[in-house]
Asks: 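Just dropping this structure here.
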Amino acid sequence: MQFFDNLKKGDFMKFEPEKFEKKWQERWEESSIYRADSSSKKPTCFVVDMFPYPSGSSMHVGHPRGYVGTDVYSRFKRMSGFNVLHPMGWDAFGLPAEETAIQNKEYPTVTVKRNIEKFKSQLMMLGLGYDWSREINTTDPAYYVHTQKIFLEFFRRGLAQNKTMAVNWCPELGTVLANEDIVDGKSERGNHPVFQRPMRQWILAITQYADRLVDDLALLPHWPEKIKIAQRNWIGRSEGHEFDFSTTANVNVPIFTTRIETLPGATFLVLAPESDITRKVVSYAKNQDQVEQYVEVTSQKTDLDRQLSREKTGVIVEGVTAKNPFTGMQIPIVVADYVLSSYGTGAIMAVPAHDERDAEIAKVFSLPLITVIETGRMVNADSLNGDTVEDAREKVSVMVDAKPKKRYKIRDWVFSRQRFWGEPFPIVWIEGRDNYELLSQGPIGKWLPNEPVFYVDGLIEHFAVPVLPEFLHAMRLPEVDSYQPTGTLEGPLAGIDQWVKAFLNPKTGEVSNQYNVDWMPVRRETNTMPQWAGSSWYWLRYMDPHNENVPFSKGSSQYWGPVNVYAGADHAVAHLIYARFWHKVMQDAGMVDFSEPFERLEFLGYILASDGSKISKRKGNSRSPEEVVQQVGADAFRLYEMFIGPFEKPIPWNDDGLIGCRRFLERVWRLAEKVIESNLAVSSPAVTSSINKSIQKVGNDIEVFRFNTAVSSMMTCLNEIQHSDVAISDFKAYICSLAPFAPHMTEEIWSMVGQKESIHVSSWPKATVEVGQDGNVVLSIQVNGKHRSKISVPRDIEEDSLKTLVLSDQSVQRHLSGKEVKKIIYVSGKAVNIVI
RNA sequence: GCCCAGGUGGUGGAAUGGUAUACACGAAGGACUUAAAAUCCUUUGAGCUUCGGUUCAUGCGGGUUCGACUCCCGCCCUGGGCACCA
């Protein structure tokens with residue numbers, strides 16, 4: 001690192017960013033130049049970073065890349081006349097903070113506060129122009145009270161329900177995990193085993209929005225196509241039919257299929273082990289014990305087991321058969337765990353000739369296989385023989401009275417966690433239907449769903465009662481010493497008496513720990529919301545961050561919304577589907593009047609370690625931003641983060657490249673001194689044209705997040721002009737185009753040339769002469785499509801005179817060598833191709 | 001298995017139908033210096049060359065086109081995501 005060591009020794013022109021970076025950062029904060037003004041008449045531009053989780057380990061050089069990108073973009077838009085809102089906040093609920101807090105024996109707010117301070121100072125150090133007056137923190141009661149209010153909208157609309165369901169229970173973490181929190185059958189966090197356990201859970205009925213979530217992707221032309229594809233696949237809408245098979249067991253088995261035309265080839269049925277219909281059918285089975293044993297064994301399997309072994313297992317239900325409604329044949333019934341109880345009806349018709357999985361299980365039990373489609377036509381299918389697949393589909397569905405049905409892969413969202421550090425549900429439980437009905441007469445009534453949410457424990461019915469928005473202070477997390485996992489399936493809150501036991505005033509809806517006459521005893525809900533909750537609506541809070549009454553005012557969302565650019569890591573399916581879902585529910589609740597939250601998405605590629613591996617603290621291959629800033633300054637660091645490669649591509653970090661960016665800034669600095677000394681009024685046309693070209697390219701590239709080529713065009717320009725005399729006006733324009741990337745140095749130069757206002761509130765320079773005004777263009781001369789020579793001609797040259805010129809070219813002559821010219825193709829402004 | 005994104009010099013990358021290798025790093029040589037660093041200049045895809053040029057190169061094989069890194073078809077490889085969804 002000799003270069004870095006010698007930086008301070010330069011004797012000619014001292015470029016010492018450490019002398020002015022801090023100064024400008026402070027002045028920008030003092031003069032509030034990044035504050036967004038919600039009353040300006042300018043067009044708005046709302047730029048949001050996916051907000052970080054402030055973890056205990058500090059940032060490495062990879063983290064700020066996205067923030068630098070959006071900072072450059074925001075500065076550019078501000079200079080281009082937009083009223084820019086570019087805020088920042090913290091997604092601070094969740095397991096890691098809770099675990100650190102338990103380890104350190106401190107309350108999580110302490111951990112979170114410390115981590116945020118650390119993260120914030122690291123961001124500040126880079127000169128990022130956030131509007132800190134709008135900073136948010138999902139764990140701040142002033143924020144999460146609104147998350148709770150929005151939950152009440154879900155509840156009131158019947159979208160928040162309780163279900164006892166098989167959930168992913170992780171004993172090590174003492175909590176239930178969402179599918180998205182599980183990687184390769186183990187918990188994403190800590191890599192612990194995960195088991196299926198039945199448990200009462202809160203779920204959000206995202207499936208009710210599945211169609212809108214798919215269909216509205218069409219409203220998002222500025223989203224990357226691959227994300228839209230991923231979301232469509234995740235939601236997994238398929239259109240098919242549902243109909244019944246009668247059985248000798250006195251129950252009908254409903255099945256779902258997308259290939260109803262293959263019914264003639266259905267030679268058996270397969271039922272999912274856990275499904276209700278299996279329970280009914282099995283009671284008629286001769287081998288009831290054997291089937292029940294199979295069901296028991298499969299229920300013990302973990303997700304990991306299921307993934308490791310894909311061998312088809314199952315058991316034939318003896319003594320019971322089903323009737324194929326097309327052929328009239330009696331066919332066997334199999335219970336097998338490759339059929340999922342959670343999809344479709346939990347039962348399928350097996351067509352081994354046309355489905356690989358069915359074929360595998362057919363082989364295990366030597367069941368028959370009938371091919372019913374050959375080269376697009378029906379065969380072995382009686383009256384259908386010779387029909388096309390489409391015709392057969394139509395006929396069969398009429399014959400068996402099948403209902404058209406859409407099914408989705410996406411599941412309802414398991415929304416509760418058995419942890420302490422999350423938003424408490426704004427729900428208390430009351431015993432007995434009479435009490436519930438009494439409550440529905442009062443003010444609580446209008447917050448109740450049509451179908452009551454309840455569960456049965458022994459003989460007692462427990463009903464979910466919402467805590468009204470004005471009384472949510474009773475639903476703040478209690479500040480207690482002990483909040484460790486209980487080790488049972490219940491969360492820590494269940495072990496805290498002062499939390500669980502409460503009283504409800506049926507006349508007002510108020511909840512308190514204090515008993516009053518006529519108040520009803522209730523139990524507070526002890527689950528908390530998952531980390532996804534706070535991050536599913538936070539962009540809206542930025543628009544109106546200090547509103548105490550509502551999450552955000554309608555007016556503020558109309559003024560700023562939707563988010564114009566949303567940038568961050570690739571969360572193709574989880575966060576971005578949840579966020580869209582919440583947004584649509586809020587739209588239905590009348591809180592917002594646009595249907596998609598993010599107009600445009602820009603994904604960020606991770607920075608990798610120099611060997612191409614992932615940066616991780618354990619490997620010791622991380623590089624701290626502080627170190628880099630100390631060595632080359634914040635501007636050079638920012639510039640390099642942008643220059644290193646395309647924004648969306650993962651790139652290995654390499655210190656060597658950093659040097660080039662620092663050198664570039666030093667050369668600009670030296671040029672500044674020269675320009676200020678000579679104080680020239682007009683540059684040569686070549687210099688002016690070079691600068692203009694660069695400014696245009698930089699602007700165009702920033703607009704489409706191609707920061708790397710923007711930087712290189714400024715470098716090219718500097719190479720062209722640095723040994724010429726540059727007029728002060730041209731140089732100022734150049735500096736303006738560099739300002740979004742290197743805000744400190746450009747601000748310093750800006751003040752040196754006598755500007756009083758900040759460069760960051762100046763205007764993006766307009767090209768002062770038309771680029772390429774000299775009227776000549778350089779054409780490629782090609783022979784048979786191969787570039788051989790070039791020629792500079794007037795832009796509007798006549799084709800005939802051009803041909804004469806080209807044919808007399810030495811290089812062309814050499815390649816012609818007497819051969820006949822068949823034709824000449826002229827592509828205006830680009831190339832002339834001589835075909836021989 | 002399915003879906004997505006990629007494959008260009010020693011390295012990060014540029015060029016989305018028209019001058020392949022911009023920009024930067026690294027490397028070699030030179031200027032300045034007692035010397036070194038820094039800085040500046042020159043060279044830098046590979047081969048052949050009479051130093052004018054010329055041939056070959058964008059994972060592999062075909063195709064479309066006057067012309068293909070770019071579009072189409074078929075492979076190979078790398079990375080990421082999903083995964084028994086009937």
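All values reported here derive from a predicted model rather than from experimental measurement. Just so we're on the same page: letters track the sequence lines, and every chain starts at 1. Note: hydrogens, waters and symmetry copies are ignored here, and every other heavy atom, side chains too, is used.
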Asks: Taking only the side-chain heavy atoms of A:Phe643 (C-beta and beyond), determine which of B:A86, B:G18, B:A24 contains the nearest atom.
Replies: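 My answer, after comparing the listed nucleotides, is B:A24.
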Asks: Students often get this wrong, so: under 4.0 angstrom with heavy atoms, is A:Lys786 touching a base, only sugar-phosphate, or nothing?
Replies: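 Sugar-phosphate: the residue A:Lys786, judged by heavy atoms under 4.0 Å, touches backbone atoms but no base.
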Asks: Reckon A:Arg814 has a side-chain N or O less than 4.0 Å from the OP1 or OP2 of B:G52?
Replies: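 Answer is no, no contact under 4.0 Å.
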Asks: Any side-chain N or O of A:His571 below 4.0 angstrom from OP1/OP2 of B:G81?
Replies: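 No.
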Asks: When both hydrogen-bonding distances must be under 3.5 Å and the geometry is Watson-Crick or G-U wobble, what is B:G61 paired with, if anything?
Replies: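 B:C73 - that is the nucleotide pairing with B:G61, both distances being under 3.5 Å.
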Asks: Classify A:His354 by what it touches in the nucleic acid, base, sugar-phosphate, or nothing, heavy-atom distance under 4.0 Å.
Replies: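 No contact.
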Asks: For A:Phe256, is the NZ or CZ atom of A:Arg407 found under 6.0 angstrom from the centre of its six-membered ring and inside 45 degrees of the ring axis?
Replies: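 Flagged: A:Arg407 positioned over aromatic ring of A:Phe256.
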Asks: Would you mind classifying the nucleic acid contact of A:Asn233 as base, sugar-phosphate or nothing, using non-hydrogen atoms under 4.0 angstrom?
Replies: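 Sugar-phosphate, backbone atoms only, no base.
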Asks: Roughly how far apart, to the nearest Å, are B:A27 and B:G62 at atom P?
Replies: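 The answer is 40 Å between these two P atoms.
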Asks: For A:Ile644, answer base if it contacts any base atom (sugar-phosphate contacts may also be present), sugar-phosphate if it contacts only those atoms, and nothing otherwise; contact means non-hydrogen atoms under 4.0 Å.
Replies: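 If one applies the 4.0 Å heavy-atom cut-off, A:Ile644 turns out to touch the sugar-phosphate alone, with no base involved.
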Asks: Between B:G12 and B:C4, how far apart are the P atoms? Round to whole Å, please.
Replies: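 These two P atoms come out 26 Å apart once rounded.
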Asks: Can you tell me if the side-chain N/O atoms of A:Thr709 get under 4.0 Å from OP1 or OP2 in B:A22?
Replies: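 False: A:Thr709 side-chain N/O out of range (4.0 Å or more) of B:A22 OP1/OP2.
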Asks: Run the salt-bridge test on A:Glu225 and A:Lys228 with the 4.0 Å N-O cut-off and return the result as yes or no.
Replies: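 Yes, charged N to carboxylate O under 4.0 Å.
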Asks: If I pick the P atom on B:U70 and the same atom on B:U8, what distance separates them, to the nearest angstrom?
Replies: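 Here B:U8 and B:U70 have their P atoms 14 Å from each other.
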Asks: Measuring to OP1 and OP2 of B:A86, would you say a side-chain N or O of A:Tyr343 lies under 4.0 angstrom away?
Replies: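 It does, given that an N or O in the side chain of A:Tyr343 lies less than 4.0 Å from OP1 or OP2 of B:A86.
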Asks: Expressed as a whole number of Å, how far does the P atom of B:C69 sit from that of B:G59?
Replies: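 After rounding to an integer number of Å, I get 10 Å for this pair.
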Asks: Using a strict cut-off of less than 4.0 Å between a Lys/Arg side-chain nitrogen and an Asp/Glu carboxylate oxygen, indicate whether A:Lys822 and A:Glu820 qualify as a salt bridge.
Replies: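 Judged by the 4.0 Å cut-off on N to carboxylate O distance, A:Lys822 and A:Glu820 do not form a salt bridge.
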Asks: Hey, which sits more toward the 5' end of RNA chain B by its nearest nucleotide, A:His815 or A:Met715?
Replies: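 On the 5' side of the pair lies A:Met715.
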Asks: Taking only the side-chain nitrogens and oxygens of A:Asn719, find out if one of them lies under 4.0 Å from OP1 or OP2 of B:A24.
Replies: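 Yes, because at least one side-chain N or O of A:Asn719 sits under 4.0 Å from OP1 or OP2 of B:A24.
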Asks: Has A:Arg667 got a side-chain N or O lying under 4.0 Å from the OP1 or OP2 atom of B:A38?
Replies: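 No, because none of the side-chain N or O atoms of A:Arg667 sits under 4.0 Å from OP1 or OP2 of B:A38.
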Asks: Scan A:Val827 against the nucleic acid and name what it touches under 4.0 Å (heavy atoms): base, sugar-phosphate only, or nothing.
Replies: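 Base contact - A:Val827 has a heavy atom under 4.0 Å of at least one base atom.
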Asks: Can A:Ser713 and A:Thr716 be counted as having a side-chain donor-acceptor contact under 3.5 angstrom?
Replies: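 A:Ser713 vs A:Thr716: no donor-acceptor pair found between side chains.
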Asks: Got A:Leu639 and A:Phe664 here, is their nearest side-chain heavy-atom distance under 4.5 Å?
Replies: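 A:Leu639 vs A:Phe664: side chains touch.
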Asks: Indicate, with a heavy-atom threshold strictly under 4.0 Å, whether A:Asn708 touches base, sugar-phosphate, or nothing.
Replies: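 Sugar-phosphate only.
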Asks: Does B:A86 have OP1 or OP2 sitting under 4.0 Å from an N or O in the side chain of A:His241?
Replies: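 No, no such contact exists.
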Asks: Reckon A:Ser238 touches a base, only the sugar-phosphate, or nothing at all at heavy-atom distances under 4.0 Å?
Replies: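 Since only primed, P, OP1 and OP2 atoms lie under 4.0 Å of A:Ser238, the category is sugar-phosphate.
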Asks: Please state the P separation for the pair B:U44 and B:A22 - nearest whole angstrom.
Replies: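 The same atom, P, in both gives a distance of 10 Å.
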Asks: Is there a side-chain contact between A:Arg663 and the phosphate of B:U39, meaning an N or O under 4.0 Å from OP1 or OP2?
Replies: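 Result: yes.
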Asks: When all nucleic acid strands are considered with a 4.0 Å heavy-atom cut-off, which category describes A:Lys226: base, sugar-phosphate, or nothing?
Replies: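 Sugar-phosphate: the residue A:Lys226, judged by heavy atoms under 4.0 Å, touches backbone atoms but no base.
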Asks: Heavy atoms under 4.0 Å, any strand shown: does A:Val339 hit a base, just sugar-phosphate, or nothing?
Replies: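 Base, at least one base heavy atom under 4.0 Å.
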Asks: From the set B:C23, B:U19, B:A14, return the single nucleotide nearest to any side-chain atom of A:Thr716.
Replies: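 The closest nucleotide is B:C23.
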Asks: Considering residues, nucleotides and ligands other than A:Tyr826, do more than 12 of their heavy atoms fall under 6.0 Å from its OH?
Replies: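 Above 12, so yes.
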Asks: Just checking, any donor-acceptor pair under 3.5 angstrom between side chains of A:Arg667 and A:Gln722?
Replies: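 Indeed, the side chains of A:Arg667 and A:Gln722 share at least one donor-acceptor pair under 3.5 Å.
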Asks: Is A:Val832 touching bases, backbone alone, or none of the nucleic acid, heavy atoms closer than 4.0 Å?
Replies: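 Touches nothing.
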